Amino acid sequence: MAIQSNIEQIRSRIAAACVRSNRDPAEVRLVAVSKTKPASMINEASAAGQRIFGESYVQDFLDKIEQVTAPVEWHFIGGLQSNKVKYLRGKVAMIHSLDRLSLAEEINRQWAKLNQTIEVLLQVNIGAEETKAGTTESALFELARQVAELPHLRICGLMALPPWLEDPEEVRPYFRHLRQLSEQLRELQIPGIEMRELSMGMSHDFEVAVEEGATLVRVGTAIFGERTR
Ligand SMILES: *Cc1c(COP(=O)(O)O)cnc(C)c1O
């Protein structure tokens, strides 16, 4: 019950943020971040109408995917080592955390085996934080050009994990900046690249992210409760 009402509340907060910013709520998809949480909780969220789930740890994901019976869509949002990509092959619809060419090449190799294409987002280290993954802004455009050459990946937007700041208003400039980067990339008109998705906003700042143009918000704690890791 708690999960269902949490999801309903988040959906109405997203809708309210859309009203404030003159956006169509249909443009914003909620990614329920279920990392470290059991399959039973995912099934419960799914029964409440939640469709997209975000996972960050490959082994944890593999351990529970079989127990999730509902037709859900999995997004991989966490740091990814190239040697683990094969375990995700065919199981995830989108990878939000692509930040280097070597990883893109391995994803391309694995999805080639399926003769399929996977949607990816380029993760940008928008706060230039040493501890965070993501390509630097200066390397972003070159990375986009290189990944665009790979036939089994389709770049469809950008993702960022901005600095954690107590006041979500202080995160707003980072969200706005990610949107500006995506507009700059769109203007380059690189063949094969679409800039329709902005994956930004988490439990404590998703409303600001929606106001700044997020199309995918990644919300974990506010749906499933605190995590122990
Ligand atoms: C864990 C995680 C989230 C969800 O964070 P919450 O604060 O629990 O909503 C979102 N994005 C990424 C990349 C994460 O790893």
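Everything quoted here is computed from the prediction, not taken from an experiment. Both ligands and their constituent atoms are indexed starting at 1 by order of listing. Sequence positions, counted from 1, serve as the residue numbers for this chain.
- Taking 4.0 Å as the cut-off between side-chain N and carboxylate O, E8 and R11 do not count as a salt-bridged pair.
- Which parts of ligand 1 touch T221 is read off a 4.0 Å heavy-atom cut-off, strictly below it: atoms 6 (P), 7 (O), 8 (O), 9 (O).
- Within the 4.0 Å heavy-atom cutoff, H204 does not count among the residues contacting ligand 1.
- Ranking the protein heavy atoms by distance from atom 3 (C) of ligand 1 puts K35 NZ, 3.8 Å first.
- For ligand 1 and R218, the ligand atoms under 4.0 Å from any heavy atom of the residue are 4 (C), 9 (O), 10 (C), 11 (N), 12 (C), 13 (C).
- For atom 7 (O) of ligand 1, the candidate residues are M202, M200, E55; the nearest heavy-atom contact is made by M202.
- A heavy-atom separation below 4.0 Å is found between S56 and ligand 1.
- For the side-chain contact (heavy atoms from CB on, under 4.5 Å) with V171, the qualifying choice from L165, V208, I126 is L165, the only one to do so.
- Remark: ligand 1 and G220 share an N or O pair separated by less than 3.5 Å (distance only, no angle test).
- Heavy-atom contacts of I77 reach the following atoms of ligand 1: 11 (N), 12 (C), 13 (C), 14 (C) (cutoff under 4.0 Å).
- Within 6.0 Å of CZ on R154 lie no more than 12 heavy atoms contributed by other residues, nucleotides or ligands.
- Contact detail for I118 and A93: the closest heavy-atom pair is CG1-O, 3.7 Å.
- Contact annotation for H96 and ligand 1: no heavy atom of the residue comes within less than 4.0 Å of the ligand.
- Exactly one of R29, H96, E55, E119 qualifies for a side-chain hydrogen bond (donor to acceptor under 3.5 Å, both in side chains) with H75. That residue is H96.
- Counting all heavy atoms, side chain and backbone alike, L150 lies closest to E105 at CD1-N, 4.0 Å.
- Using bins of under 30°, 30° to 60° and over 60° for the plane-to-plane angle, the ring pair F76/F61 lands in the perpendicular bin.
- If you number the atoms of ligand 1 from 1 as listed, the ones under 4.0 Å from a heavy atom of V219 come out as 9 (O).
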